[in-house]
Amino acid sequence: MSISSVVSQRQNPYALAQLGAGQASPTTDKTKTPNAVSTVATSTSYEQVNLQTDAKSIMAKYDLTNITYSDMNKLGRELVAAGALPENKLLDFIPIDLSRFKADGTIGEPTNKPVNMIANQELIIENERRFGKGADYSTVVLNIYKNFQALHDQVVA
């Protein structure tokens, strides 16, 4: 079974956390129109509980406030494999390490220095707004980070 088919069959935790059980949400089914909606499964369904457990067990190993870029890459791939992050959100989830880009245009080796991804994303949003740019996309990414970080915080608390 491919990752795409798993993702299309299972709800992801950040969508459930934002929408709540039983509310309508946009569907990812390509055969429906973009405005079509489907009902989110109730929180008692076995599949959702299993998905939440999978995501929590993955997030127990990662803290988005103290993580390297290479670990973000690993985390994103683990979340996709578990069905907790839609495959089409993987590239949004994994940030670009801008410190690798040198002034002469070459790309250097990745740093293995931990970064606060949530604070970085908040800074990106602040700069976009300061320069009059829309921050909708960056806000979606920030919400994804915050919702997965909440899973991490639940496990370590």
Side-chain angles (χ1 to χ4, degrees), residues 1-19 25-35 40 48 50-157:
M1 178 180 277
S2 73
I3 291 174
S4 298
S5 62
V6 171
V7 171
S8 66
Q9 294 173 8
R10 298 171 76 180
Q11 297 294 329
N12 57 62
Y14 73 86
L16 294 172
Q18 289 176 345
L19 297 172
S25 66
T27 183
T28 56
D29 187 351
K30 291 181 172 65
T31 62
K32 296 181 181 177
T33 63
N35 295 328
V40 176
Q48 181 181 348
N50 191 36
L51 178 60
Q52 286 283 337
T53 303
D54 292 347
K56 279 184 182 180
S57 67
I58 293 168
M59 287 308 301
K61 301 181 286 185
Y62 299 98
D63 179 0
L64 295 180
T65 63
N66 187 30
I67 190 168
T68 64
Y69 284 96
S70 62
D71 283 343
M72 273 300 277
N73 189 352
K74 291 176 197 170
L75 170 60
R77 293 178 191 289
E78 286 182 44
L79 291 170
V80 167
L85 180 69
E87 190 173 17
N88 65 354
K89 295 290 183 197
L90 181 60
L91 293 178
D92 299 331
F93 185 81
I94 302 172
I96 298 170
D97 182 0
L98 297 177
S99 67
R100 294 181 63 192
F101 295 94
K102 298 181 180 183
D104 64 359
T106 60
I107 299 175
E109 290 298 315
T111 61
N112 215 14
K113 189 175 173 183
V115 178
N116 183 336
M117 293 298 171
I118 293 173
N120 274 3
Q121 197 64 27
E122 289 170 340
L123 183 61
I124 289 169
I125 292 168
E126 180 184 318
N127 287 332
E128 287 173 340
R129 289 184 177 147
R130 185 178 320 144
F131 292 109
K133 304 280 184 183
D136 292 344
Y137 167 78
S138 297
T139 302
V140 168
V141 174
L142 176 63
N143 288 334
I144 292 170
Y145 287 174
K146 284 184 174 181
N147 286 318
F148 279 117
Q149 182 62 31
L151 292 176
H152 168 80
D153 294 344
Q154 288 173 11
V155 173
V156 297

Using a 4.5 Å cut-off on heavy atoms from C-beta on, say whether the side chain of [Y] contacts that of [X].
{"X": "Gln149", "Y": "Ile118", "answer": "yes"}
{"X": "Met72", "Y": "Tyr62", "answer": "no"}
{"X": "Leu64", "Y": "Leu75", "answer": "yes"}

Between [X] and [Y], which heavy-atom pair has the shortest distance, and what is it?
{"X": "Gln154", "Y": "Lys56", "value": "OE1-CE, 2.7 Å"}
{"X": "Val80", "Y": "Pro86", "value": "CG2-O, 4.1 Å"}
{"X": "Leu85", "Y": "Leu90", "value": "CD2-CA, 4.2 Å"}

Rounded to the nearest 0.5 Å, what separates atom [atom1] in [X] from atom [atom2] in [Y]?
{"X": "Lys146", "Y": "Met117", "atom1": "NZ", "atom2": "CE", "result": "16.0 Å"}
{"X": "His152", "Y": "Ile58", "atom1": "NE2", "atom2": "CD1", "result": "14.0 Å"}
{"X": "Glu78", "Y": "Ser57", "atom1": "CD", "atom2": "OG", "result": "8.5 Å"}

Strictly by modelled atom types, are Tyr69 and Asn112 linked by a side-chain donor-acceptor pair under 3.5 Å?
no
Atom pairs and distances, side-chain donor-acceptor, residues 121-135, under 3.5 Å, sequence neighbours left out:
{"from": "Gln121", "atom 1": "NE2", "to": "Ser138", "atom 2": "O", "distance (Å)": "3.2"}
{"from": "Glu126", "atom 1": "OE2", "to": "Arg130", "atom 2": "NH2", "distance (Å)": "2.8"}
{"from": "Asn127", "atom 1": "OD1", "to": "Arg130", "atom 2": "NH1", "distance (Å)": "3.2"}
{"from": "Asn127", "atom 1": "OD1", "to": "Arg130", "atom 2": "NH2", "distance (Å)": "3.3"}
{"from": "Asn127", "atom 1": "ND2", "to": "Leu123", "atom 2": "O", "distance (Å)": "3.4"}
{"from": "Glu128", "atom 1": "OE1", "to": "Ser138", "atom 2": "OG", "distance (Å)": "2.9"}
{"from": "Glu128", "atom 1": "OE2", "to": "Ser138", "atom 2": "OG", "distance (Å)": "2.9"}

Going by side chain to side chain contact (heavy atoms under 4.5 Å, CB included), Pro114 matches just one of Ile67, Asp63, Asn66, Thr65. Which one?
Asn66
Sequence-distant partners of Tyr145, ring pair (Phe, Tyr, Trp, His ring centres under 6.0 Å), two or more places apart
Phe93
Go through the structure and list residues passing side-chain contact (heavy atoms from CB on, under 4.5 Å) with Lys102, not counting sequence neighbours.
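Applying side-chain contact (heavy atoms from CB on, under 4.5 Å) to Lys102 gives Asp104, Thr106.
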Exam field: side chain Arg100 to backbone Ile107, donor-acceptor pair closer than 3.5 Å:
no
